[in-house]
Amino acid sequence: TFIMIPGPNYVYKCPSCKNIVTNESILSGNTFGSTFYSDGKRVSMMLPDFPKITKCEKCTTIFWLDKQAVIGYFNWKSNKPAKWRKADKAGFLSKEDYFRALATGLAENKEEELFIRIRIMWAYNDCVRGQKELFEDEQDERSWIENSRQLLSLLDLSTVNHQFVAAEIHRNLGDFDNCISILNGIKKDDLAWVKEKLINECTQKNRWVIELK
């Protein structure tokens, strides 16, 4: 059975203005019918993502949800308690918000910076996925290049996951030789089809994110 079971809705306070924010959770789900992309993004109806970092709707403070105390929760089957009825739902950040989070030092370690920079990569690639213009202007393109390079420096190339991300960034930057070189170093038989597909994109000089089928 391919069912998703929602978890509780957790309740937090904005660390700056104490505005109430709720965030959903999931008890169980699956990746049946998911769409996977070459940049590592997965879109799953039965295993949705929920924000780990969000922006207060009232005061625009950006904060990590898991660094705030949970002040309560309510079951998805029950009515929302009256005191939380007008609470804002935690939303995902925009590309600009992710850049602001980095600029204000919200990433306190390598893992947090990696998390944010990958989401910036996904945000740009969402333009390709949505068939929109990739860059707003030259400055936006420079910001994308800078994020791509910083992201490369954070990756641990001893892990297959990060090897694929590094290969993808090189392909995005038009560095097809480096992309192919990294892909050829991945020796996992069950992922040979992904390697082949991405090497084929390199030979066709395609720089942009693709759906993996």
Side-chain angles (χ1 to χ4, degrees), residues 31 34-45 47-55 60 62-65 90-157 159-183 186 194-195 197-213:
T31 57
S34 298
T35 307
F36 295 90
Y37 293 94
S38 56
D39 62 355
K41 186 171 183 176
R42 183 202 75 226
V43 179
S44 304
M45 292 294 290
L47 197 63
D49 253 346
F50 302 111
K52 286 188 182 354
I53 184 172
T54 195
K55 180 170 79 170
T60 74
I62 297 173
F63 60 96
W64 296 96
L65 285 154
F92 289 99
L93 298 185
S94 67
K95 180 181 72 186
E96 293 72 23
D97 289 331
Y98 282 123
F99 275 123
R100 180 158 72 89
L102 288 175
T104 54
L106 213 69
E108 293 180 351
N109 54 50
K110 193 174 163 180
E111 286 69 33
E112 291 178 357
E113 184 180 348
L114 187 67
F115 179 91
I116 292 173
R117 290 199 182 279
I118 282 179
R119 267 116 197 115
I120 290 172
M121 175 175 76
W122 289 355
Y124 277 106
N125 288 344
D126 286 344
C127 296
V128 179
R129 283 183 267 264
Q131 299 179 314
K132 295 176 190 151
E133 201 66 43
L134 184 54
F135 306 119
E136 291 162 25
D137 50 34
E138 284 182 13
Q139 179 54 50
D140 194 32
E141 185 171 4
R142 283 195 291 272
S143 298
W144 169 76
I145 291 169
E146 175 64 13
N147 185 68
S148 301
R149 290 186 173 146
Q150 292 292 339
L151 185 47
L152 272 176
S153 73
L154 292 166
L155 295 172
D156 173 8
L157 294 183
T159 70
V160 171
N161 213 0
H162 283 200
Q163 286 171 331
F164 272 114
V165 176
E168 181 71 354
I169 293 168
H170 282 298
R171 188 171 71 85
N172 295 159
L173 293 169
D175 185 357
F176 299 114
D177 290 345
N178 247 326
C179 175
I180 291 169
S181 170
I182 293 169
L183 291 169
I186 299 172
V194 182
K195 277 172 56 176
K197 199 170 177 72
L198 294 176
I199 289 169
N200 185 46
E201 295 299 322
C202 286
T203 58
Q204 293 179 44
K205 301 281 187 275
N206 176 25
R207 291 170 57 190
W208 308 120
V209 66
I210 58 162
E211 191 178 323
L212 296 173
K213 289 179 178 171

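Residues take their numbers from the sequence shown, with the count starting at 1. None of the values given here were measured: they were computed from a predicted structure.
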Subject >> Check against side chain to side chain contact (heavy atoms under 4.5 Å, CB included), D39 and I169 >> reply: CA-CA 8 Å; D39 62 355; I169 293 168; over 6 Å; no
Original post:
So does D156 pair up with K110, basic N to acidic O under 4.0 Å?
Top reply: no
Subject >> Test: D126 and K41 ion pair at under 4.0 Å >> reply: yes
Between atom [atom1] of [X] and atom [atom2] of [Y], what is the distance when rounded to the nearest 0.5 Å?
| X | Y | atom1 | atom2 | value |
| --- | --- | --- | --- | --- |
| K95 | E136 | NZ | CD | 4.0 Å |
| E168 | E201 | CD | CD | 9.0 Å |
| L47 | R42 | CG | CZ | 4.5 Å |
| L65 | I53 | CG | CD1 | 8.5 Å |
| N125 | L134 | CG | CG | 7.5 Å |
| I116 | Q150 | CD1 | CD | 13.0 Å |

Original post:
Out of Y37, W144, Y124, which one pairs with W208 under the ring-ring contact (aromatic ring centres under 6.0 Å, His included) rule?
Top reply: W144
If you compare all heavy atoms of [X] against all heavy atoms of [Y], which two are closest, and at what distance to 0.1 Å?
| X | Y | result |
| --- | --- | --- |
| G105 | E108 | O-CG, 4.4 Å |
| G174 | R207 | N-NE, 3.8 Å |
| I182 | A166 | CD1-CB, 4.0 Å |
| A167 | C179 | O-SG, 3.2 Å |

Just wondering, do [Y] and [X] contact through their side chains at under 4.5 Å, heavy atoms?
| X | Y | result |
| --- | --- | --- |
| H170 | L152 | yes |
| L198 | I210 | yes |
| R129 | W122 | yes |
| L183 | R171 | no |
| R100 | T60 | yes |
| L102 | I120 | yes |
| T54 | F92 | no |
| Y98 | R117 | no |

Original post:
When the aromatic ring centroids of F115 and W64 are compared, is their separation below 6.0 Å?
Top reply: yes
Original post:
Is S38 reaching over with its side chain to a backbone N or O of V209, donor-acceptor style, under 3.5 angstrom?
Top reply: no
**OP:** Ignoring hydrogens and angles, tell me if any N or O in the side chain of K195 forms a donor-acceptor pair with the backbone of I186 under 3.5 Å.
**Re:** yes
Original post:
More than 12 foreign heavy atoms under 6.0 Å from CD of E133: is that the case here?
Top reply: no
Subject >> Atom CD of Q204 with >12 non-hydrogen neighbours under 6.0 angstrom >> reply: yes
Original post:
Step by step, would you call I62 with T104 a side chain to side chain contact (heavy atoms under 4.5 Å, CB included)?
Top reply: CA-CA 9 Å; I62 297 173; T104 54; over 6 Å; no
Subject >> N178 and S181: CA distance, side-chain angles, deciding distance, side chain to side chain donor-acceptor pair (under 3.5 Å) verdict >> reply: CA-CA 5 Å; N178 247 326; S181 170; 4.9 Å; no
Original post:
Any side-chain donor-acceptor pair under 3.5 Å between D140 and S143?
Top reply: no
